[in-house]
Amino acid sequence: MRLSILLLVILTLAVPAFAQDYDLVIKNGRVMDPETNYDAVANVGIKDGKIAVITKDKIEGKETIDAKGLVVAPGFIDGHQHCIEPYAYRLMLRDGRTTILDMEIGAHGPKLNEWYKRREGNAPVNFGVAVAHEFARAEILDGHKEWEYFYTPDAIRSRVKQGWSKTRPNLEQGNQILALIDEGLQQGGLGIGSTVGYMREGVSAREIFELQKLSGRYGRFIDMHFRYTPGDDTGEINGIQEMLANAAALGSPAIAAHFNNPGYNMVHELLVRMRGRGYNVWGEIYPYAAGSTALNAVFLEPEVWVKALGNKYEDTIQDVATGEFYTQQTREEMLKKEPTRVVLVYKIPESAIVDWIKMPGVAIGSDGMPLFPDDNLTKDTPYEDLPNTHPRFSGSFARVLRIARENNIPLMQAVSMTSYNYAKPLGDMGLKAMQVRGRMQKGMVADITIFDSETVKDNATYAKGTLPSTGILHVLVNGVIVMKNQEPLKGVNPGQPIRFEPVESRFELLTLEGWNKTYYASPVDFGGGVPGSQPNKVGSPDTQPHMH
Ligand SMILES: [Zn+2]
């Protein structure tokens with residue numbers, strides 16, 4: 001018995017690896033795994049789309065990539081990309097991204113399946129989407145029904161009316177909103193995306209609580225643009241405290257979207273401490289001092305942006321297409337012509353950026369925006385011919401690696417931020433696709449980004465936001481080479497859907513009886529108003545303001 005085991009061991013050791021044991025071999029790269037802290041020059045053998053071996057021994061494959069002098073890292077995961085369209089894919093690859101997910105705005109609940117179907121077999125990168133809170137509100141409160149893209153780019157039209165932002169739903173409407181979102185969760189949506197910061201008047205604390213209750217029933221996250229973002233340091237922190245208090249009461253996962261705003265230090269501390277207590281909560285940043293949004297965002301109204309926050313339009317609000325800064329008057333004029341015109345919003349000193357990349361556990365979400373007009377954009381549109389956009393669209397990930405290099409931030413930390421820091425919490429939510437990504441380990445899916453840590457850099461600027469990053473040489477998605485020597489390959493589309501399996505509904509209709517029975521306190525609407533009073537429908541066109 002013992003002898004035979006010994007013989008077997010000797011035989012196994014003695015048999016050399018046959019040529020072409022693997023589909024692909026990445027030779028002599030510096031392999032980095034943020035989960036185990038493995039960091040060594042090694043060869044990576046890939047078979048059937050998975051990492052079959054990481055070894056210092058010589059191995060052979062049908063195909064070989066020479067990675068001498070290069071870093072071999074888990075493919076970058078962008079959890080906050082609003083543009084998952086063919087014309088964006090090459091720029092994503094040039095920036096090392098192998099998975100792009102729209103988890104902050106997301107897709108319209110009933111359209112989840114269709115959203116995924118459009119991309120299956122057509123994308124070089126993995127793709128996924130959360131269920132949109134604001135689109136459910138647009139359908140119920142504004143009657144918006146013209147869904148063309150089924151996700152973020154539809155906002156250019158759905159945001160023209162104001163009910164989605166400013167109307168407080170009554171109980172029936174609240175249930176309808178939740179039911180639409182529930183359809184998307186049944187269809188496998190990653191979680192709920194809530195842009196409550198754009199709906200601060202219309203969305204009550206109760207509504208947010210009910211959203212988190214619903215996503216929690218599925219074990220999935222809410223990804224939130226906080227109620228007071230962008231705001232001052234206290235407003236920002238109060239915004240995340242709303243989300244985290246609910247997460248603690250309900251035990252449901254939560255993501256702090258782009259907390260690269262005043263108050264970030266404490267937001268980070270809150271997240272770290274909650275994780276220390278076992279809650280699955282995390283945050284993301286994009287490494288730029290300016291943000292980008294639609295000109296009619298409620299937080300850009302003079303009462304908030306100028307009066308409360310002390311900003312001047314002339315210094316802070318720049319047109320993405322023309323580069324001109326707005327004044328209060330030119331803003332008013334443009335709102336009449338094109339209310340959802342895209343602008344850059346300067347909101348924090350540049351010096352804060354390095355701080356964010358020093359914070360362990362933080363993930364990178366680019367917050368890339370859909371490009372407009374997009375009628376004639378294709379996979380092959382030259383980078384320079386794409387309409388201008390915030391540079392975070394194209395450069396976020398290479399920029400993190402460059403800033404880490406220039407500021408002596410450990411490379412392993414930067415690698416973790418670009419991949420593992422999203423994969424880990426999403427995997428912990430039970431999302432199988434993310435339990436096997438974001439790691440350079442045997443058995444993991446071979447989504448791999450290979451870059452030169454000495455030269456990698458972003459090239460996109462505020463003036464030209466669609467210039468590709470450089471220094472990222474080769475990218476693999478699901479074991480297939482999709483970019484070689486900085487050249488994205490044509491017609492190679494191994495991208496997989498990142499989603500949950502379809503499940504039965506877990507939505508429970510909210511009723512006054514139900515609330516009464518459980519808590520002896522029934523709100524009349526989604527705001528927790530006093531029973532017997534009228535629902536508070538702020539901003540609704542069919543109610544007059546109270547006059548006394
Ligand atoms: Zn946002």
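Predicted model, so just to flag it, every value in this text is computed and none were measured. Counting starts at 1 for both ligands and their atoms, following the listed order.
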What residue pairs, at least two apart or across chains, pass side-chain hydrogen bond (donor to acceptor under 3.5 Å, both in side chains) with a residue in residues 288-302? K166-E301, Y198-T293
Working to the nearest 0.5 Å, report the span between CZ of F451 and CG of D95. 11.5 Å
Show all protein N/O/S atoms under 2.8 Å from the Zn ion (ligand 1), or state that there are none. E104 OE2, H225 ND1, H258 NE2
I need the single residue from R392, R94, R399 that forms a side chain to side chain donor-acceptor pair (under 3.5 Å) with D458. Which is it? R399
Could D319 and R341 be called an ion pair, given the rule that one side-chain N must be under 4.0 Å from one carboxylate O? yes
Any salt bridge between K117 and E120, counting N to O under 4.0 Å? no
Under 4.0 Å between a side-chain nitrogen and a carboxylate oxygen: does that hold for E332 and K336? no
